[in-house]
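First comes the structure, then the notes that go with it.
Since we're looking at a predicted model, the values are computed, not measured. Proteins come first, then strands; the chains are lettered A, B, ... in the order of their sequence lines, and each starts at number 1.
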Amino acid sequence: MDVTATSTQKLDGDVRLYIMKEAAATGRVPQPPEIAAALGNAESEIHDALLRLAAGKVLILAPNDGRIWAAAPFCAVPSSFRVESNNVAYSAICIWDALGIAATLHQDSSVNAICGDCGAPMTLEVSDNALVRSEGVIHFGVPARSWWDNIGFT
Amino acid sequence: MLLFRDEEHVGRWCSARGLPIGGMMTPEQGWRLAHEWFKDRLKPDWRRYTPDETRSIFESIGLTGDFWKI
């Protein structure tokens, strides 16, 4: 592996880890200007790293503007899947990611969602890395092999 | 990947969109899947699972059949 490829891999890893740690600590997914300032890189370098990470299905960019929409399990915009853990509020793009926030944090968490059909509020709770409050059923509308064909719909 | 009150609500949601009913799991299965999938995300050396690893996780949770094939 040449030096350029190695440094690119390191930058991508640093960018990914910064995003995850910042989102975990604050509930807010950092965006390119903040990532660039934190890591001491040019914003163009961060933009290229985000494109590579998105191509590798590590995160999802918003169409057209280069901002991060989701760095699973964290979602950058408010959603109907809300997670509260250690007095921090998080958003997730789906119920899998909402539970994934509790799994990522390894902290007791409350998942507040709504029924996809009728909108009734529903709550799941995780404590000591176990699901201790549960209701309803989870439905995946898209077969596993096609999840990334249209990840927004998935 | 949505949460529903019960299977009747899943059926109504799918019917309203002209979609077939997809894959269903209990929240407990969902938690086990989420835990396996996301437990290492804050580690510096995290990497995506390989297809074989993904298949193994699905099978360990009871997610079998054509819908879960990758």
Quiz item: With hydrophobic residues grouped by side-chain heavy-atom distances under 4.5 Å, do V58(A) and W69(A) end up in a single group?
Solution: yes

Self-check item: L131(A) portion near chain B, given a 4.5 angstrom heavy-atom threshold
Solution: both

Self-check item: Between D14(A), L17(A), T104(A), the one whose heavy-atom pairs under 4.5 Å with chain B are most numerous
Solution: T104(A)

Exercise. Pull out the residues in residues 48-63 of chain B that come under 4.5 Å of chain A, heavy atom to heavy atom, sorted by number.
Key: R48(B), F58(B)

Quiz item: For G136(A) and P27(B), which heavy atoms make the closest approach, and how far apart are they?
Solution: O-CD, 3.2 Å

Quiz prompt | Partner chain B: residue of A130(A), A102(A), A120(A) with the largest heavy-atom pair count (under 4.5 Å) | solution = A130(A)

Practice problem: Please state whether the side chain, the backbone, both or neither of V126(A) comes within less than 4.5 Å of a heavy atom of chain B. | Solution: side chain

Quiz item: Between SG of C94(A) and CG of L2(B), what distance do you get to the nearest 0.5 Å?
Solution: 8.0 Å

Quiz item: So which of H106(A), M122(A), K21(A) has the biggest tally of heavy-atom pairs under 4.5 Å with chain B?
Solution: M122(A)

Quiz item: Given that the side chain runs from C-beta out, which part of A71(A) has a heavy atom under 4.5 Å from chain B: side chain, backbone, both or neither?
Solution: neither

Exercise. Apply the test side-chain contact (heavy atoms from CB on, under 4.5 Å) to residues F4(B) and I138(A): give CA-CA distance (whole Å), side-chain angles for both, the deciding distance (0.1 Å), then the verdict.
Key: CA-CA 6 Å; F4(B) 293 87; I138(A) 293 172; over 6 Å; no

Exercise. Side chain from CB out, backbone as N, CA, C, O: work out which of these in D66(B) comes under 4.5 Å of a heavy atom of chain A, or both, or neither.
Key: both

Exercise. Sort W68(B) into side chain, backbone, both or neither according to what part of it lies under 4.5 angstrom from a heavy atom of chain A.
Key: both

Self-check item: Among R5(B), K69(B), K39(B), residue most engaged with chain A (heavy-atom pairs, under 4.5 Å)
Solution: R5(B)

Quiz item: Given T26(B) and V137(A), is the side-chain contact (heavy atoms from CB on, under 4.5 Å) satisfied, shown in steps?
Solution: CA-CA 5 Å; T26(B) 65; V137(A) 61; over 6 Å; no

Practice problem: Name the member of L105(A), D97(A), I101(A) that forms the most heavy-atom pairs with chain B at distances under 4.5 Å. | Solution: D97(A)

Self-check item: Which atom of A34(B) lies closest to which atom of A103(A), heavy atoms considered
Solution: O-CB, 3.6 Å

Practice problem: Look at L33(B), V10(B), I70(B) and state which one has the largest set of heavy-atom pairs under 4.5 Å with chain A. | Solution: L33(B)

Quiz item: Below 4.5 Å, heavy atoms only, C-beta onward: do H139(A) and W13(B) meet side chain to side chain?
Solution: yes

Exercise. Please state whether the side chain, the backbone, both or neither of N129(A) comes within less than 4.5 Å of a heavy atom of chain B.
Key: both

Practice problem: Search all heavy atoms of A113(A) against all heavy atoms of L3(B) and return the closest pair with its distance. | Solution: CB-CD2, 4.1 Å

Practice problem: Report the C-alpha separation of M20(A) and W46(B) in whole Å, then their side-chain angles, then the decisive distance to 0.1 Å, and conclude whether the side-chain contact (heavy atoms from CB on, under 4.5 Å) test is met. | Solution: CA-CA 11 Å; M20(A) 296 304 290; W46(B) 172 85; over 6 Å; no

Quiz prompt | Option in G23(B), G22(B), C14(B), G30(B) with maximal non-hydrogen atom pairs under 4.5 Å from chain A | solution = G23(B)

Quiz item: V83(A), V132(A): one ILVMFWY side-chain cluster at the under-4.5 Å cut-off?
Solution: no

Quiz item: Shared ILVMFWY cluster between L11(A) and Y18(A), side chains joined below 4.5 angstrom?
Solution: yes

Practice problem: Name the option with the most non-hydrogen atom pairs under 4.5 Å to chain A; the candidates are H35(B), E28(B), R32(B), Q29(B). | Solution: H35(B)

Quiz item: For chain B, which residues from residues 25-54 of chain A have at least one heavy atom closer than 4.5 Å to it?
Solution: none

Quiz item: Are L61(A) and V77(A) in one and the same hydrophobic cluster, where Ile, Leu, Val, Met, Phe, Trp and Tyr link if side-chain heavy atoms are under 4.5 Å apart?
Solution: yes

Self-check item: Leading residue by heavy atom contact count with chain B [cutoff under 4.5 Å; candidates G13(A), A24(A), G56(A)]
Solution: G56(A)

Quiz item: What is the distance from atom CZ of F140(A) to atom CE of M25(B), rounded to the nearest 0.5 Å?
Solution: 3.5 Å

Quiz item: Between W96(A) and W37(B), how do the two ring planes meet: parallel, tilted or perpendicular, split at 30° and 60°?
Solution: tilted

Quiz item: Non-hydrogen atoms of chain B under 4.5 Å away: do they reach the side chain of A72(A), the backbone, both or neither?
Solution: both

